[in-house]
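Encoded as structure tokens, the structure appears first; notes follow it.
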Amino acid sequence: MLNIVLFGPPGAGKGTQSQKLIAQYNLVHLSTGDLLRAQIAEGTELGLKAKQLMDEGLLVPDEVVIGMIGNALSKNQQAAGFIFDGFPRTVAQAESLDQLLTQHHTQVACMIALEVGEEELVKRLLERGKTSGRIDDQDETKIRRRVQVYNTETAQVAGYYAGQQKFHALNGIGEIEAIYTQICTLIDQHKAADAETPAAATREVQA
Ligand code: AMP
């Protein structure tokens, strides 16, 4: 299995790059933001609770998103791998993801972070808000709060993966295609290294 964490602040381009990567590597895209918006659209109790926090640009409780990811992993056991987009956003979520993937006899191959400065993020999200219909994309104060939440609560997740020698950062400003090529190069390096590791072969057999 090939499991990639695509990381970065809101508006960094994770969703755009995920769409290209799932086609290239035949992966399942797991975006906790999308999963939460689906709950809101269905009008579930979970969706109603999450909506208030999301509209304010605040994080939904860890146990909610961890539960959703656990369900999605169980439902997609035949997948060739996953792209995690917008998850994990806290160290507790990262630890839970490791545990969940271990239960499925697999692990995170690498985290790829797209780095984009705050002013560019604000510009991009306000532009996206004109068509996305997302309340959290339409108000500059809320956008800046999301970036602040990223800086204070989420950025430290990078250190978690750096500690496992799995962290890579890329400049998220530039042509979509050029950034995509750099992401593919990193993923291909991991795939090649994994194929050479005896532990990888053992994992495949167990899986
Ligand atoms: P996104 O679509 O990734 O920008 O997420 C939109 C909103 O959903 C965020 O601002 C949070 O309120 C919530 N959300 C998405 N993913 C997570 C997560 N992993 N942990 C907590 N809240 C999340």
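All ligand and atom numbering here is 1-based and tracks the order in the structure. Keep in mind it's a predicted model, so treat the numbers as computed, not measured.
When the options Asp136, Leu58, Leu53 are ranked by their closest heavy atom to atom 11 (C) of ligand 1, first place goes to Leu58. Here the shortest heavy-atom distance to atom 14 (N) of ligand 1, taken over Leu36, Leu125, Leu35, Asp62, belongs to Leu36. The residue from Gln52, Arg89, Lys142 that puts a heavy atom closest to atom 18 (C) of ligand 1 is Arg89.
Within the 4.0 Å heavy-atom criterion, both parts of Leu59, backbone and side chain, lie near ligand 1. Counting heavy atoms under 4.0 Å from ligand 1, residue Gln93 touches it through the side chain alone.
Taking every heavy atom of Gly33 and a limit of under 4.0 angstrom, the matching atoms of ligand 1 come to 2 (O), 5 (O), 15 (C), 16 (N). Counting atoms of ligand 1 from 1 in the listed order, those under 4.0 Å from a heavy atom of Arg146 are 4 (O). The atoms of ligand 1 that sit less than 4.0 Å from any heavy atom of Met54 are 7 (C), 8 (O), 12 (O), 13 (C). Per-residue contacts place Val65 under 4.0 angstrom from the following atoms of ligand 1 (heavy atoms of the residue considered): 17 (C), 18 (C), 20 (N).
Closest of all the heavy-atom pairs between Gln17 and Leu6 is CB-CD2, 4.0 Å.
Between Glu56 and Lys51, none of the side-chain N atoms (NZ, or NE/NH1/NH2) sits under 4.0 Å from a carboxylate O, so this pair counts as no salt bridge. For the pair Glu119 and Lys123, the salt-bridge criterion is not met [side-chain N within less than 4.0 Å of a carboxylate O].
Under a 4.0 Å heavy-atom criterion, Arg134 is in contact with ligand 1. Residue Arg37 places a heavy atom less than 4.0 Å from ligand 1.
Remark: ligand 1 and Phe87 share no N or O pair separated by less than 3.5 Å (distance only, no angle test). Here's the thing with Thr32: one of its N/O atoms is less than 3.5 angstrom from an N/O atom of ligand 1. In terms of N/O distances under 3.5 Å, ligand 1 is not approached by Asp34.
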- For side chain to side chain contact (heavy atoms under 4.5 Å, CB included), just list the numbers for Arg134 and Met54, CA-CA rounded to whole Å, side-chain angles, deciding distance to a tenth of an Å, and then say yes or no. CA-CA 10 Å; Arg134 286 178 53 172; Met54 291 169 74; over 6 Å; no
- Message: Applying side chain to side chain contact (heavy atoms under 4.5 Å, CB included) to Asp137 and Leu126, what does each step give before you reach the verdict?
- Response: CA-CA 6 Å; Asp137 282 349; Leu126 283 173; over 6 Å; no
- Pair Phe82-Phe87, ring pair (Phe, Tyr, Trp, His ring centres under 6.0 Å): steps then yes or no: CA-CA 11 Å; Phe82 298 91; Phe87 180 91; over 10 Å; no
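A cation-pi arrangement is absent between Lys166 and Tyr161 under the rule of less than 6.0 angstrom and at most 45 degrees off the ring axis.
Protein heavy atom closest to atom 22 (N) of ligand 1, with residue, atom name and distance, is Val60 N, 3.0 Å.
Thr106 and Asn3 form a side-chain donor-acceptor contact under 3.5 Å, judged by distance and modelled atom types alone.
Screening Ile69, Thr32, Ile4 for a side chain to side chain contact (heavy atoms under 4.5 Å, CB included) involving Phe84 leaves a single residue, Ile69.
Following chains of ILVMFWY side-chain contacts shorter than 4.5 Å, one cannot reach Phe167 starting from Val116, and the two form parts of different hydrophobic clusters.
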